[in-house]
There are 2 protein chains.
Amino acid sequence: MGTTNDDGPRTALTRDRVLRAALALADRDGLAGLTIRTLAQELDSKPMSLYYYVATKDQILDGIVDLVFAEVHLPVVGNPWRQEMEHRARSMRAVLARHRWAVGLLESRAAPGPATLRHHDATLGTLRRAGFSLRATAHAYALLDSYIYGFALQEAALPLAGVDSVAEVAAPIMERFADGQYPWMVEIAEGVVMQPGYDFAEEFEHGLELILDAITPH
Amino acid sequence: MGTTNDDGPRTALTRDRVLRAALALADRDGLAGLTIRTLAQELDSKPMSLYYYVATKDQILDGIVDLVFAEVHLPVVGNPWRQEMEHRARSMRAVLARHRWAVGLLESRAAPGPATLRHHDATLGTLRRAGFSLRATAHAYALLDSYIYGFALQEAALPLAGVDSVAEVAAPIMERFADGQYPWMVEIAEGVVMQPGYDFAEEFEHGLELILDAITPH
DNA sequence: CGTCGTTTCGTACATTGTACGATACGCTAC
DNA sequence: GTAGCGTATCGTACAATGTACGAAACGACG
């Protein structure tokens, strides 16, 4: 598992293969682990060989961000907006939970790929077709995406690498607050976060429903 | 302006001075520009000298994140919750707009500083004192922070370096969609984003009001 | 003046992205 | 075959980064 690759006749290199390997590597080792050299190793190749398919590492980042967007449910323009927005939101959260490194990159890429553009277009179209005014669409989109991205950001920050409950992580931290310095944090930690069965991911649904209920076509 | 520093008797180095210089440097050159070497230059010192006050660069990041949190309005436990949450949200957004590099780091630091802890504690306390149940507090907090962070994330991604209107940036991008590939994006761009006077930052207020209206102590 | 704790720094190394140019490969034209 | 050429691969090298290690400079007190 630790070593790199077996032998076997190397499949021909491809821009697509490079990007998919980069995606897998980022998932496994994080963004910092995504290195031209290790990526080349993973592909049973050499660093400079990748540059035949990709001009710069930034293009690799652009590429894997678009791959991530491609995984998100594409809303169907014409379908009931509430159902589609719910589906899209859940899907996006799941995808971003799968690719924890992606949240910080999603919106920061200057060169959005086709899947990214398709996604935005379909989402906007769904709202418009459902009767949302132009401004209402802009408001709804900003609100929804802010919530989704922000939630994913917090979720990605949780240090939950193969941990059963949040309590395992929170407990040692909370011990340092045993003096009464941060009473409210302790209260919430003990009363909610560290309760058996608590799952931060479920918070997502609560907020999503609240937001969707508050949104109207105007 | 391009050169580094004038002469003058160098002020004594301090952990605090190092952190403040790091903060300023990150604001000026971005996270990537925050380098031990340039930071040392900025302080009229040498790279390895900084390591007397700071064990690792990660500690610098921890430090400036806490400085950022210190800039955010600290809610007053006991005050009306809605007013305090509004104030905190606006303040946080402004701070994160000032320090665009910070959004991705805020929640990802494993070692939260005192200002960070105080901030979370005061926010939770304000909700609790206003009658929010434990679970309602957790829900409200997750919802609000998700929205704020997500909004800041999108805002930070906007390539608005000294640009008057979003239109200046959006126009050239939209031209590439002149074919009918992404009709809904074009529609929104032309009908909203590129309208004179449009300011994405104002979207923040809309969403914030919606969310605060939807929140209840339960 | 000597001694010792505090503070500063010079040198060096491993790791990163990638520029540049050489090589290897697979085909077509003679 | 073999000469040539476009496609694909790679070896070497360089600049920039964080920081380990140990030496030096400094300052106060005996």
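Letters A, B, ... mirror the listed sequences (proteins, then strands); counts begin at 1. Computed from a prediction, not measured in an experiment: that's the story for all the values here.
Among residue pairs with one or both ends in residues 58-69 of chain B, those qualifying as salt bridge (charged side-chain N to carboxylate O under 4.0 Å, His left out) are D58(B)-R109(B), D62(B)-R109(B); sequence neighbours excluded. Annotation: side chain to side chain donor-acceptor pair (under 3.5 Å) contacts involving residues 187-196 of chain B, sequence neighbours excluded, comprise R128(A)-E187(B).
Look at OH on Y52(B): it is 6 Å from P on dT6(C), rounded to the nearest Å. Rounded to whole Å, atom P of dA24(C) lies 19 Å from atom CG of L13(A). At whole-Å resolution of the value, CG in D29(A) and P in dT16(C) are 11 Å apart. Rounded to an integer number of Å, the gap from M48(A) CE to dT23(C) C1' is 14 Å. Put simply, CD on Q41(B) is 13 Å from P on dC9(C), counting in whole angstrom units. Between the OH atom of Y51(B) and the C1' atom of dT8(C) there is a distance of 15 Å, given to the nearest Å. Whole-Å rounding puts the I36(B) CD1 to dC13(C) P distance at 20 Å.
Residues meeting the side chain to side chain contact (heavy atoms under 4.5 Å, CB included) test with F177(A), sequence neighbours left out: I173(A), M174(A), Y182(A), M185(A), V186(A), L117(B). Taking R15(A) as the reference, nothing meets the salt bridge (charged side-chain N to carboxylate O under 4.0 Å, His left out) condition, with sequence neighbours excluded. Residues that satisfy the side chain to side chain contact (heavy atoms under 4.5 Å, CB included) test with A22(B), not counting sequence neighbours, are L34(B), L39(B), I60(B), I64(B). In this view, D121(B) satisfies the salt bridge (charged side-chain N to carboxylate O under 4.0 Å, His left out) rule with no residue, not counting sequence neighbours. Evaluation of the side chain to side chain contact (heavy atoms under 4.5 Å, CB included) rule for L127(A) yields W81(A), M85(A), F132(A), T137(A), A140(A) as partners, not counting sequence neighbours. For E71(B), the salt bridge (charged side-chain N to carboxylate O under 4.0 Å, His left out) partners two or more places apart in sequence, or in a different chain, are R98(B).
Salt bridge status for R90(B) with E86(B): present, with a side-chain N to carboxylate O gap under 4.0 Å. In summary, R28(B) and E42(B) engage in a salt bridge, as defined by a charged side-chain N under 4.0 Å from a carboxylate O.
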**OP:** Using a 4.0 Å cut-off on protein heavy atoms (strictly under), produce a 5'-to-3' string for nucleotides 23-28 of chain D with B for base contact, S for backbone-only sugar-phosphate contact, and - for none.
**Re:** ------
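For residues 53-60 of chain A, proximity to DNA chain C is found at T56(A), K57(A), defined as any non-hydrogen atom under 4.0 angstrom from a strand atom. The stretch residues 105-112 of chain B has no heavy atom under 4.0 Å from DNA chain C, so no residue of it qualifies as close.
With dC21(D), dG18(D), dT18(C) as the choices, the nucleotide that has an atom nearest any side-chain atom of T35(B) turns out to be dG18(D). The side chain of R37(B) lies closest to dT19(D), out of dC10(D), dT19(D), dC9(C). With distances taken from any side-chain atom of S49(B) to the nucleotides dT8(C), dA20(D), dC10(D), the minimum falls on dT8(C). Taking only side-chain atoms of K46(B), from C-beta outward, the nucleotide of dA8(D), dA13(D), dG10(C) with the closest atom is dG10(C).
No close placement of the Y149(A) and Y149(B) rings is indicated, their centers lying 6.0 Å or farther apart. Ring centroids of Y147(B) and F151(A) are separated by 6.0 Å or more, keeping the two rings apart.
The aromatic rings of Y141(A) and H120(A) sit perpendicular, their planes meeting at an angle over 60°, well past the 30° parallel limit.
L39(A) comes within 4.0 angstrom of nothing in the nucleic acid, heavy atoms only.
For dC10(D), one of the phosphate oxygens OP1 or OP2 lies less than 4.0 angstrom from a side-chain nitrogen or oxygen of S45(A).
Atom NE2 of H206(A) sits in a sparse spot, with 12 or fewer heavy atoms from other residues, nucleotides or ligands closer than 6.0 Å.
For the helix from dC1(C)-dG30(D) to dC30(C)-dG1(D), the rotation axes defined at the first and last 5 base pairs enclose an angle of 30°, given to the nearest 10°.
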